[in-house]
Number of protein chains: 2
Amino acid sequence: MKLQQLRYFVTVYEQGSFSAAVDKVHATQSGLSMHVSQIEKRYGVTLFERSSSGVTPTEVGRAFYKEAVKVLAAARIAEERLQSLSKTVVGHVHVGLMPTFTRAVLTAVLKRFGTEYPEVRLSVSESYSGNLLQEVREGRLDFGVVPAFVELDEALISKRMGTDHECLVCRSDRELPLTKDGVLLRDVSPLKLVLPGPGNARRRRIENYITANQVQVTDLMELDTMHGTLDMVANSDWVTILSGIMCLPDLKGGPRQVAPLADPPLMVDYMRIETRKRPLSEAAQAFADILQEELNSSLEIEPFSRR
Amino acid sequence: MKLQQLRYFVTVYEQGSFSAAVDKVHATQSGLSMHVSQIEKRYGVTLFERSSSGVTPTEVGRAFYKEAVKVLAAARIAEERLQSLSKTVVGHVHVGLMPTFTRAVLTAVLKRFGTEYPEVRLSVSESYSGNLLQEVREGRLDFGVVPAFVELDEALISKRMGTDHECLVCRSDRELPLTKDGVLLRDVSPLKLVLPGPGNARRRRIENYITANQVQVTDLMELDTMHGTLDMVANSDWVTILSGIMCLPDLKGGPRQVAPLADPPLMVDYMRIETRKRPLSEAAQAFADILQEELNSSLEIEPFSRR
DNA sequence: AGTGGCCATAAGAAAATCGGATAGCCAGAT
DNA sequence: ATCTGGCTATCCGATTTTCTTATGGCCACT
């Protein structure tokens, strides 16, 4: 009898389906199937009735589930006991970041975290805010970082991490109508704008800004690839609007120039979100702290940020 | 975290030594070492202080032990739950037999058991009675079968399985002073006798019989190998004394002849021994039943047994 | 100093696990 | 009736993990 078999069985039981259980535990459908049927074969029982719409537990399956849950609970207690007794911070941290963070801030965080907490295993996934919320809610992520304008529910709590400017990004040799506060978007013409697709949460904010401030957009393009967008902007007349920390690498010169939107500026708040019921593990808290610090110093670096 | 790691850790803890734990769990010293140090590395803790005389748990080790035991207990309950719910008999049976049984009776038992209980895994070990007692006492065997004259203690219970004749075995062309009850040992001369070494429990019984009945032994040889003894007896003037069921294969003719000791006969009782606290599992009971049946029919086959 | 018991580590072999692909099955839609 | 989509079981090659054997270091005891 192995703990992982119990975990798999319990997940399949709770999901009522092998395939639904796949993304709960990090596994494949075939792996789940084999493990469960291995239990069944070894003990000569049938745990589930299989059908084409999933599985329903048998009487035996229900009885075994109760015991299996107890075993897993005991195992988790034992594990936590060990972690709390450990002098060094250990564990496995799962973090979800929006793409904004992964271009510049993340590498700095990773370097520090790797040296300061060498024993901690780290999984960082990049996704858009809607996705991250879901993953946090379902407990697959210790926390996520999302823009402040997404909607939360009861199960989640958030903590503000900082405020950033949305910036115009275009190729470096273009002349921009700069003021001391940044660029006046309505004076940039012709404005050929690259935006993320309609599924993206930032998309609507930018559209609102544009209509509210009478910005004339002559052409609009949807790109949902950040690399593609950056490349496109560097090598054409197209421009885009990105958050400041994402543009940090472009401040040192290069094929792109960056200017914060001015009059009015457009700001983003970043929030850390986590589930209400389970507090961050020590390791996750450590990662969050480092992320916060690096974010702070990044926001300071922005030339326009001290206003 | 894996269950086996917990099992290994707990065993090392209870034994106070890696090498002592080796034969408790079926494992090697290096395997144990690796698993324990894997826990220690993963969680950044030290569970044992190593010394050249074994290990002593640290504070952390003691705390973790308490939790680990709970996990294992829960796991065993879950497993037993599943077994009790299974319609077919499953599990793993460990049996210890004395060499007497392994020559003729065992194969018949194995055949029947294999077909009647295909799901049950079976481990049969052959050993001498002293050893078997120890193994049963320490829980590594579900039960053992030993001669009735061994001494039991409180922790063990026994059940009589049957009575057998000790028989003289010699090469087939030898003339023996047979009566209708068997052979009169004191009339066999010259008596060149092969016996097991002094460590063996049967040795003393046979010696007692010899002196009590004025049997003249001209030569004595100690052989602790059953194969060697049988071969020796088949091809020389040397004879030996074996229990009846062990001689079954020689009754159909062959290089050896067999005759029960007569006037007086020398009998052996076979007992099944098991621990008092844990009753036999269903599978073990089934094996014991089949063994009993086969033993009964073997004892009947003996031509001299119906007296 | 020598010896024996004990634990850690290395490396190769063996075994379990994983992941992708495929096949079968059933229900509901066309 | 056929088709389609969703679900599970199974097969197979590749990877990872686990186990074993052998070896070396350490300490206590002689």
Side-chain angles (χ1 to χ4, degrees), chain A residues 1-58 60-61 64-65 72 75 79 92 121 123 125 140, chain B residues 1-58 60-61 64-65 68 72 75 79 92 121 123 140:
Chain A
M1 179 65 65
K2 298 188 177 179
L3 275 185
Q4 191 160 38
Q5 293 181 326
L6 295 181
R7 277 191 271 268
Y8 283 171
F9 163 72
V10 164
T11 310
V12 171
Y13 185 101
E14 290 172 350
Q15 295 299 309
S17 141
F18 282 79
S19 28
V22 162
D23 23 271
K24 291 282 167 184
V25 296
H26 189 67
T28 61
Q29 184 267 327
S30 87
L32 293 179
S33 174
M34 293 182 75
H35 275 290
V36 170
S37 64
Q38 200 168 317
I39 301 179
E40 295 181 318
K41 194 184 303 176
R42 167 180 271 259
Y43 295 96
V45 294
T46 304
L47 296 171
F48 296 113
E49 299 293 344
R50 274 79 162 170
S51 84
S52 61
S53 63
V55 296
T56 54
T58 62
V60 176
F64 183 54
Y65 174 76
L72 294 180
E79 201 165 1
H92 195 160
R121 300 216 304 167
S123 301
S125 60
R140 276 197 295 284
Chain B
M1 179 64 65
K2 299 188 174 176
L3 275 183
Q4 191 160 41
Q5 293 181 328
L6 295 181
R7 278 190 271 267
Y8 283 171
F9 163 72
V10 164
T11 311
V12 171
Y13 184 100
E14 289 171 349
Q15 295 299 308
S17 138
F18 281 78
S19 26
V22 162
D23 22 271
K24 292 283 167 181
V25 297
H26 191 66
T28 61
Q29 181 266 325
S30 90
L32 294 178
S33 173
M34 291 180 74
H35 275 289
V36 170
S37 64
Q38 200 167 314
I39 301 179
E40 295 182 317
K41 196 186 300 176
R42 167 179 271 258
Y43 295 95
V45 294
T46 303
L47 295 171
F48 295 112
E49 298 293 345
R50 275 78 163 169
S51 82
S52 60
S53 62
V55 296
T56 54
T58 62
V60 176
F64 182 54
Y65 173 77
L72 293 180
E79 201 165 1
H92 194 160
R121 299 215 306 166
S123 301
R140 276 198 294 284

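In what follows, chains carry the letters A, B, and so on, assigned in the order in which the sequence lines appear, proteins first and then strands, with residues in each chain numbered from 1.
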Checklist entry - Within the structure shown, what part of the strands sits under 4.0 Å from A/F48 by heavy-atom distance: base, sugar-phosphate, or nothing? => result nothing

Checklist outcome for this item: note: A/Y8, atom OH; D/dT8, atom C1'; distance rounded to Å ~ 17 Å

Next on the checklist: So B/S37, base contact, sugar-phosphate only, or nothing? Heavy-atom distance under 4.0 Å.
Outcome noted: nothing

Checklist entry - Do the ring planes of A/F64 and A/F9 sit parallel (below 30°), tilted (30 to 60°) or perpendicular (above 60°)? => result tilted

Next on the checklist: Using the side chain to side chain contact (heavy atoms under 4.5 Å, CB included) criterion, which residues pair with B/T58? Sequence neighbours excluded.
Outcome noted: B/T46, B/E49, B/V60

Next on the checklist: If I take atom CD1 in residue A/I39 and atom P in nucleotide C/dA16, what distance separates them, rounded to the nearest angstrom?
Outcome noted: 16 Å

Checklist outcome for this item: Contact check, residues 49-57 of chain A vs DNA chain C, heavy-atom distance under 4.0 Å, returns A/S52

Item to check | Nearest-neighbour nucleotide for the B/Q29 side chain, D/dA9, C/dA8, D/dC19 considered | outcome: C/dA8

Next on the checklist: For D/dT21, does the base pair up with any side-chain atom of B/S30 as donor and acceptor (N or O, under 3.5 Å, distance only)?
Outcome noted: yes

Checklist entry - C/dA15 C1' sits how many Å from A/K2 NZ, rounded? => result 9 Å

Checklist entry - Nearest-Å distance, CG (B/D23) to P (C/dG5)? => result 14 Å

Next on the checklist: As a quick check of understanding, evaluate side-chain contact (heavy atoms from CB on, under 4.5 Å) for B/M1 and B/Y43, giving each step before the final call.
Outcome noted: CA-CA 10 Å; B/M1 179 64 65; B/Y43 295 95; 3.5 Å; yes

Checklist entry - Rounded to the Å, how far apart are B/L32 CG and C/dT9 P? => result 15 Å

Checklist entry - DNA chain D: B/H35 or A/G31, which has the more 5' nearest nucleotide? => result A/G31

Item to check | Separation of atom CD in A/E40 from atom C1' in D/dT8, rounded to whole Å | outcome: 12 Å

Checklist entry - Looking only at atom types and distance, does a side-chain atom of B/Q29 sit under 3.5 Å from a main-chain N or O of B/S19, one as donor and one as acceptor? => result no

Next on the checklist: I'd like to know if B/S19 reaches the base of C/dG5 with its side chain, counting only an N/O donor and acceptor under 3.5 Å.
Outcome noted: no

Item to check | Length of the CD-C1' vector between B/Q5 and D/dC19, whole Å | outcome: 14 Å

Checklist entry - Step by step, would you call B/H35 with B/I39 a side-chain contact (heavy atoms from CB on, under 4.5 Å)? => result CA-CA 7 Å; B/H35 275 289; B/I39 301 179; 6.0 Å; no

Item to check | A/M34 side-chain proximity, nearest of C/dA8, C/dT9, D/dT10 | outcome: D/dT10

Next on the checklist: Applying a 4.0 Å non-hydrogen cut-off, can you work out what B/Q38 is touching in the nucleic acid: base, sugar-phosphate, or nothing?
Outcome noted: sugar-phosphate

Checklist entry - Would you call the rings of A/Y13 and A/Y65 parallel, tilted or perpendicular if under 30° counts as parallel and over 60° as perpendicular? => result parallel

Checklist entry - Just how far, in rounded Å, is P of D/dC27 from CZ of B/F18? => result 17 Å

Next on the checklist: Nearest 0.5 Å, please: how far is CZ in B/R7 from CG in B/L32?
Outcome noted: 12.5 Å

